[in-house]
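One structure is given below, encoded as structure tokens.
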Amino acid sequence: QPYIGEIIKILEKEGMQPLPIFITGVEAHTIVRDMLRSRHQGVDKSKVLVDAVINTIGFPLVGGPAGSFQAGRNPDVAENLLSSADIPYTTSGPLLLQEMNDWRQRGVSGLQSVVLWALPEIDGAVDNI
């Protein structure tokens, strides 16, 4: 997806040091839980210090219908994880359900708006970029 590289370039231009992490599957929270830490969490040299997390995969941070033993999302797990880490979490959802030309002509479709705004809000995202 070209937009991921564009996000990285913009962050670098702003003086940030993005750390792209590629996952296969929908359990991104295991990366946040096991490999990343915030300044709030103290020193743990086995984890990488981060200031924020940007989810670009279009799936929730914790499971969802495709990644859960129970139907639906797991916002409580995401909330606990993000609260304990005390780091901003944002999303950059791709146009999964419509083409760019359709989006330009008609705007965001109803179902696409759920993917872009409603589900990330339930997931605990502070904003989407």
Could you tell me whether the side chain of I8 reaches within less than 4.5 Å of the side chain of P20, counting heavy atoms only? yes
Could you walk me through whether R39 and D51 satisfy the salt bridge (Lys or Arg N to Asp or Glu O under 4.0 Å) test, starting with their C-alpha distance in whole Å, then the side-chain angles of each, then the deciding distance to 0.1 Å, before giving a yes or no? CA-CA 8 Å; R39 296 180 200 291; D51 294 313; 3.4 Å; yes
Is it the case that the side chain of Q98 and the backbone of S109 share a donor-acceptor pair, with hydrogens and angles ignored and the cut-off at 3.5 Å? yes
With clusters defined by side-chain heavy atoms of hydrophobic residues (ILVMFWY) lying less than 4.5 Å apart, directly or transitively, does L49 cluster with M35? no
Just how far is it from atom CG of D34 to atom NE2 of H29, taken to the nearest 0.5 Å? 8.0 Å
Do K13 and I10 come within less than 4.5 Å of each other through their side chains, counting heavy atoms only? no
When every non-hydrogen atom of R37 is compared with those of G42, the smallest separation belongs to NH1-O, 2.8 Å
About how many Å separate CD of E99 and CD of Q105, when rounded to the nearest 0.5 Å? 11.5 Å
Taking S113 for the side chain and G110 for the main chain, is one N or O donor matched with an acceptor at less than 3.5 Å? yes
Value for CG (L36) from CD (Q41), rounded to nearest 0.5 Å, stands at 9.0 Å
What's the separation between atom CZ in R106 and atom CG in N101, rounded to the nearest 0.5 Å? 10.5 Å
Has S38 got a side-chain atom pairing as donor or acceptor with A85's backbone, closer than 3.5 angstrom? yes
Of V53, V32, T30, the residue whose pairing with L81 passes side-chain contact (heavy atoms from CB on, under 4.5 Å): V32
Looking only at heavy atoms, what is the nearest atom pair of S84 and H40, with distance? O-CD2, 3.3 Å
Between E14 (side chain only) and L11 (backbone N and O only), is there a donor and an acceptor less than 3.5 Å apart? no
Nearest heavy-atom approach of Y3 to T56 is OH-O, 2.6 Å
Do F22 and L19 share a hydrophobic cluster, counting only Ile, Leu, Val, Met, Phe, Trp and Tyr and linking them when any side-chain heavy atoms are less than 4.5 Å apart? no
